[in-house]
Amino acid sequence: MLGWQDVDVETLRTQRLLLRPWTLDDTDFVFGLYSLWSVQQHIGLHPRVMTERAEAIAVIKRWQGMEHPIHAIRAVTDADTGEIFGNLLLKSIPASSAVTPMEPSGDTEIGWHFHPNAWHQGYATEAASAVLAEGWKTGLDRVVAVTTPNNRPSQRVCLRVGMTHQGRTDQYYNSVSELFVAFAPEP
Ligand SMILES: CC(C)(COP(=O)(O)OP(=O)(O)OC[C@H]1O[C@@H](n2cnc3c(N)ncnc32)[C@H](O)[C@@H]1OP(=O)(O)O)[C@@H](O)C(=O)NCCC(=O)NCCS
């Protein structure tokens with residue numbers, strides 16, 4: 001198995017895509033993406049759209065400050081043109097708790113937030129498959145995804161990337177979610 005130091009978790013190339021770190025030059029895209037109810041409606045316990053550009057700047061800075069050998073929150077871009085399609089997240093998932101902020105559960109979650117202009121082209125599936133493959137190489141053994149019960153497009157991505165539906169759970173985010181799990185392939 002490769003050690004995390006042998007793998008470039010900054011950028012990741014697939015057939016059509018380049019995943020790369022977010023920069024403040026991407027603020028307009030991030031603000032535009034998270035200003036859309038069609039994107040935000042299934043995200044978070046109390047979904048709301050961004051209304052201030054400053055929120056996009058703050059969130060990019062938070063992503064940039066995430067120091068972890070394997071976890072990453074990256075822009076998914078067209079490998080040829082650089083056009084940004086969405087956000088691919090591999091990160092710690094918080095456990096449901098009465099305490100604020102919620103503590104990490106110890107599990108790693110994968111997530112995807114794409115601009116509607118980039119839906120229905122297989123980009124989320126392609127990016128997520130590559131991130132999972134990279135995760136297995138860097139030593140992860142289990143990755144979860146949670147969706148709201150009615151987020152069928154996201155559930156289809158989970159299944160397309162080989163995750164298994166485990167039913168409903170309330171163990172994360174103080175909310176009831178559909179839980180999907182992927183395991184590292186046997187060596
Ligand atoms: C969830 C989300 C990323 C799914 O996006 P998506 O584009 O449907 O997912 P994929 O990238 O897997 O694309 C699959 C579609 O592309 C099509 N497609 C076209 N070319 C393809 C290719 N080369 N490879 C694979 N699929 C391809 C598939 O047939 C499928 O079509 P369909 O949507 O008409 O069934 C998107 O709906 C989204 O960002 N939603 C808002 C944020 C959100 O809810 N995130 C999840 C929170 S849990």
Side-chain angles (χ1 to χ4, degrees), residues 12-20 22 26 28-51 55-56 59-60 62-63 66 71-81 83-96 102 104-105 107-135 142-182:
L12 184 59
R13 213 23 239 259
T14 71
Q15 200 177 359
R16 297 180 293 174
L17 306 171
L18 179 75
L19 280 65
R20 57 139 175 98
W22 289 101
D26 305 319
D28 287 345
F29 177 88
V30 170
F31 182 42
L33 178 70
Y34 292 108
S35 301
L36 297 173
W37 181 245
S38 59
V39 171
Q40 287 284 55
Q41 62 180 324
H42 296 296
I43 300 174
L45 188 52
H46 304 292
R48 58 172 286 275
V49 294
M50 277 188 186
T51 55
E55 294 177 81
V59 84
I60 292 171
R62 183 150 53 78
W63 296 336
M66 197 177 86
H71 295 172
I73 297 179
R74 288 176 287 202
V76 180
T77 68
D78 186 308
D80 295 326
T81 67
E83 181 187 354
I84 311 175
F85 296 140
N87 193 7
L88 208 299
L89 308 92
L90 187 73
K91 65 181 204 50
S92 166
I93 182 170
S96 292
M102 288 174 263
S105 63
D107 290 333
T108 297
E109 108 176 286
I110 189 167
W112 30 74
H113 307 151
F114 280 67
H115 194 282
N117 293 344
W119 292 356
H120 310 299
Q121 296 172 72
Y123 293 144
T125 293
E126 185 170 322
S129 299
V131 165
L132 283 176
E134 180 189 56
R142 182 176 178 271
V143 172
V144 305
V146 290
T147 79
T148 56
N150 57 353
N151 192 349
R152 303 275 178 256
S154 188
Q155 292 162 13
R156 285 199 296 268
V157 176
C158 292
L159 297 175
R160 280 189 205 106
V161 300
M163 305 186 92
T164 306
H165 185 213
Q166 308 262 305
R168 283 200 183 170
T169 183
D170 60 3
Q171 72 185 110
Y172 306 111
Y173 287 118
N174 286 344
S175 57
V176 174
S177 320
E178 299 296 337
L179 172 65
F180 294 80
V181 181

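Note that ligands are numbered from 1 as they come in the structure, with each ligand's atoms numbered from 1 the same way.
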Taking all non-hydrogen atoms of both residues into account, name the closest pair between [X] and [Y] and its distance.
| X | Y | value |
| --- | --- | --- |
| Y34 | N87 | OH-ND2, 2.9 Å |
| R74 | V131 | NH2-CG2, 3.8 Å |
| E55 | T51 | OE2-N, 2.8 Å |
| F29 | G86 | CZ-N, 3.9 Å |
| N174 | S96 | N-OG, 2.8 Å |
| R48 | Q40 | O-NE2, 3.1 Å |

Nearest-contact summary for [atom] - protein heavy atom, Å:
| atom | result |
| --- | --- |
| atom 38 (C) of ligand 1 | W119 NE1, 3.3 Å |
| atom 39 (O) of ligand 1 | F114 N, 2.8 Å |
| atom 11 (O) of ligand 1 | A124 N, 2.8 Å |
| atom 35 (O) of ligand 1 | R160 NH2, 3.8 Å |
| atom 42 (C) of ligand 1 | V39 O, 3.5 Å |
| atom 7 (O) of ligand 1 | H120 N, 2.6 Å |
| atom 4 (C) of ligand 1 | V157 CG2, 3.7 Å |
| atom 25 (C) of ligand 1 | G122 CA, 3.5 Å |

Please could you name the atoms of ligand 1 that [X] approaches to less than 4.0 Å, counting only its heavy atoms?
| X | result |
| --- | --- |
| V146 | 48 (S) |
| Y123 | 11 (O) |
| P153 | 37 (O) |

Next item on the list: May I ask you to test the V39-H115 pair for a side-chain heavy-atom distance under 4.5 Å?
Entry: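 When only atoms from C-beta onward are counted, H115 and V39 do not touch, as no gap falls below 4.5 Å.
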Check: Heavy atoms, side chains only, cut-off 4.5 Å: are F180 and I110 in contact?
Finding: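 Heavy-atom side-chain distance check fails, nothing below 4.5 Å.
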Tell me the nearest of [options] to [atom], using heavy-atom distances.
| atom | options | answer |
| --- | --- | --- |
| atom 47 (C) of ligand 1 | L33, N151, I110, T147 | N151 |
| atom 18 (N) of ligand 1 | Q15, H113, Q121 | Q121 |
| atom 12 (O) of ligand 1 | V76, T125, L89 | T125 |
| atom 23 (N) of ligand 1 | R16, E126, Q155, H42 | R16 |

Notebook entry, point to check: Quick one: does atom 29 (O) of ligand 1 have a protein heavy atom under 4.0 Å from it?
Noted result: no
Note to self: Between S105 (side chain only) and I93 (backbone N and O only), is there a donor and an acceptor less than 3.5 Å apart?
What the structure shows: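 Looks like yes, one N/O pair under 3.5 Å.
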Next item on the list: Spell out, as yes or no, whether a donor-acceptor pair under 3.5 Å connects the side chain of Q155 to the backbone of T148.
Entry: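 At least one qualifying donor-acceptor pair exists.
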Next item on the list: Start with the C-alpha distance between H71 and S92, add both sets of side-chain angles, then the distance that settles side chain to side chain donor-acceptor pair (under 3.5 Å), and finish with yes or no.
Entry: CA-CA 8 Å; H71 295 172; S92 166; 5.6 Å; no
Note to self: Does only the side chain of W112 get under 4.0 Å from ligand 1, or the backbone, or both, or neither? Count heavy atoms.
What the structure shows: both
